[in-house]
Amino acid sequence: MKIITILLSFLAPAPAVAALPSADLETDMHRLSGNLREYPWSVAEAPAQTPPPAGYQPFHLEHYGRHGSRWLIGGNDYLVPVKRLETAERHGKLTPLGKETLEALRKIEKASHGRLGELTDKGALQHQGIGRRMVKNFPELFTDSTHVDAKSTVVIRCILSMLNGLQGIKEVAPDVSTSSDASYAEMYYMNYDDKPAWKIKDRAEETVLAEYRENLNPGQGYLEKLVTDPQFAQDSVAPGLMPYLYWVLANTQGHSGQPWLFDKVFTPDEARQFWRYDNGMWVLHCIDSPLTENRMPYTQRKLLRNIIESTDSAINSTRPSVNLRYGHDGILINFITLLDVSGLGKEFKSIREAEDAGLRSYDLIPMAGNLQLVFYRNKDNDILVKALLNEQEVTLPATPVEGPYYRWADLRDKYLAKIAPFD
């Protein structure tokens, strides 16, 4: 995703989104980092799995995952906040927190040299953990007769995420056969460039998103914590400072040994407002809506077709199999809406309606975010599927057989019919 230069100042307080306790938004600052949020199960126990119906065993798994925590992509992301705060430093106008923040910013800016966009140490650990939990959750899939086929986009952070995911699997299931590849030959479904759809989205950003953001009133309370002179801060520090300061401080959660100053610099309200400002872009990126000519989920139709074809092959095999794909947040979030996970693929009339319904970057596409489709069958070769979004069981657009388990034939036909007009 291109970095959109946004937020010269923070936005005014807005109410918490529906279906999520306001206390969470006011206290969990890591979540309010949006798509920079560290993978939630890096430091907590992943949710338990619901047992399948009697007589069914897992035999296949399909996966698309975002790379793990990364360094920010642009050099200015790190350099701009350093330069802005150095202006105040030269005039002796930094508060103690301002001095602490500038020191931290300088260190991470220096450390970022040659690392822009690359996987961090925590990003590697996130995918190792996901790989280990795959084996723990579905041991029947990881036997000495299993083949795990892993593919990545050609971006280095994704390639390293793939290799770390495979490492995690092999740590627990050393006899599993694995293969890995990253090739432009696979990019047509791993990271499809749907130029007509992106043009529609760009037009919506210029109109719908711009209007949405204009309705949010600016505020710069955070500057008072960093700079002693309010007028000097307004005139000489604030211009160009945001959103870079937000991004750098939010992203430190993806590195080991970096100080967490995010919740010292920003209040929960300020963090929430920036997240809402940024989340509007993600909503337009993936939403099924007249706002974007009902086009955006279908950008991932080639990925869905690849998964259906891969699953067809697995059904005709007697060996357990696992297909892993490592890519990007902009692919994953549209794949979620295309599959209509948890009802997020329905038509929405506005950004706020979609956000209130659950289209929230911090829940859907944190670092190392992933969607797993786990397939089960019984002795009569009846095929069921369960979906996990970030290792949590979610709903699919059909009537479940039991719990989170759905009949695959029904979903397969529905999905193929859904994408057929765009082929």
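For clarity, every value in this text was computed on a predicted model and none was experimentally measured. We use all heavy atoms of the structure for the numbers below, so side chains are in, but hydrogens, waters and symmetry mates are not.
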**Q.** Between CH2 on residue Trp71 and CG on residue Leu116, distance to nearest 0.5 Å
**A.** 9.0 Å

Q: Identify the two heavy atoms, one from Val80 and one from Gly240, that lie closest to each other, and give their separation to 0.1 Å.
A: CG1-O, 3.1 Å

(Q) Taking the side chain as everything from C-beta on, heavy atoms only, tell me whether Phe138 gets closer than 4.5 Å to Lys386. (A) yes

Q) If you look only at pairs with a residue in residues 148-167, which of them pass as a ring pair (Phe, Tyr, Trp, His ring centres under 6.0 Å), with sequence neighbours excluded? A) none

(Q) Please identify which of these residues, Arg157, Glu118, Arg115, His255, meets the side chain to side chain contact (heavy atoms under 4.5 Å, CB included) condition with Arg70. (A) Arg157

Q: Give, for atom CG of Leu388 and atom CG of Asn137, the distance between the pair rounded to the nearest 0.5 Å.
A: 7.5 Å

**Q.** Check against salt bridge (charged side-chain N to carboxylate O under 4.0 Å, His left out), Arg203 and Glu293
**A.** CA-CA 11 Å; Arg203 288 196 295 269; Glu293 301 180 23; 3.6 Å; yes

Q: Measure the spacing between CE of Met296 and CG of Asp194 and express it to the nearest 0.5 Å.
A: 7.5 Å

Q: Tell me, please, which residues at least two apart from Thr178 pass side chain to side chain contact (heavy atoms under 4.5 Å, CB included).
A: Val148, Leu166, Lys170, Val176

(Q) Let me confirm one number: the OG-CD1 distance from Ser161 to Ile156, rounded to the nearest 0.5 Å. (A) 9.5 Å

**Q.** Side-chain donor-acceptor contact under 3.5 Å, Asn334 with Thr299
**A.** yes

Q) Partners of Asn323 by side chain to side chain contact (heavy atoms under 4.5 Å, CB included), sequence neighbours excluded? A) His60, Glu62, Asp149, Ser310, Arg325

Q: Using side chain to side chain contact (heavy atoms under 4.5 Å, CB included) as the criterion, list what pairs up with Leu85, not counting sequence neighbours.
A: Leu94, Thr101, Leu102, Leu105, Leu226, Val237

Q: Taking the six-membered ring for Trp and the single ring otherwise, decide whether the centroids of Tyr376 and Tyr405 are under 6.0 Å apart.
A: yes

Q: Could you check Leu339, Thr337, Leu338 and say which one makes a side chain to side chain contact (heavy atoms under 4.5 Å, CB included) with Val341?
A: Leu339

**Q.** Partner residues of Glu140 under the salt bridge (charged side-chain N to carboxylate O under 4.0 Å, His left out) criterion, sequence neighbours left out
**A.** none

Q.
Taking salt bridge (charged side-chain N to carboxylate O under 4.0 Å, His left out) as the definition, give me every residue that meets it alongside Lys107, ordered by chain and number, with sequence neighbours left out.
A. Glu103

Q.
Please enumerate all residues that pass ring-ring contact (aromatic ring centres under 6.0 Å, His included) together with His147, with sequence neighbours excluded.
A. none

Q: Evaluate the side-chain proximity of Ile336 to Val394: yes if any heavy-atom separation is below 4.5 Å, no if none is.
A: no

Q) Is any side-chain heavy atom of Cys286 closer than 4.5 Å to a side-chain heavy atom of Pro297? A) no

Q: Take atom NZ of Lys83 as the centre, draw a 6.0 Å sphere, and report whether it contains more than 12 heavy atoms from other residues, nucleotides or ligands.
A: no

Q.
Can you list everything that forms a ring-ring contact (aromatic ring centres under 6.0 Å, His included) with Phe422? Sequence neighbours excluded, please.
A. Tyr298

(Q) Using a 3.5 Å distance criterion without hydrogens, assess whether the side chain of Ser289 forms a donor-acceptor pair with backbone atoms of Thr292. (A) no

Q: For the residue pair Tyr244 and Tyr78, establish whether any side-chain heavy-atom pair is separated by less than 4.5 Å.
A: no

**Q.** Whether Arg213 side chain and Tyr277 backbone form a donor-acceptor pair below 3.5 Å
**A.** yes

Q: Could you tell me the separation between the CG atom of Leu36 and the CD1 atom of Ile365, rounded to the nearest 0.5 Å?
A: 9.5 Å

Q. Phe142 versus Met134: any side-chain heavy-atom pair under 4.5 Å?
A. yes

Ignoring hydrogens and angles, write down the donor-acceptor pairs under 3.5 Å from the side chains of residues 259-266, residues two or more places apart or on other chains.
none

Q. Considering only heavy atoms from C-beta outward, does the side chain of Phe274 approach that of Pro243 to under 4.5 Å?
A. yes

**Q.** Residue pairs passing the ring pair (Phe, Tyr, Trp, His ring centres under 6.0 Å) test where at least one lies in residues 88-137, sequence neighbours excluded
**A.** His91-Phe232, His127-Tyr326

Q | Inter-residue atom distance Gln126.CD - Ser42.OG, 0.5 Å rounding | A | 4.0 Å

Q.
Any heavy-atom pair between the side chains of Met190 and Asn306 that's under 4.5 Å?
A. no

(Q) Contact between Leu373 and Leu61 at the side-chain level, heavy atoms closer than 4.5 Å - yes or no? (A) no

Q.
So, using side chain to side chain contact (heavy atoms under 4.5 Å, CB included) as the criterion, who are the partners of Thr207 when residues are at least two apart?
A. none

(Q) Just to verify, what does Tyr192 make a ring-ring contact (aromatic ring centres under 6.0 Å, His included) with, not counting sequence neighbours? (A) none

Q. Aromatic rings His67 and His328: how do their planes relate, parallel, tilted or perpendicular, breaks at 30° and 60°?
A. perpendicular

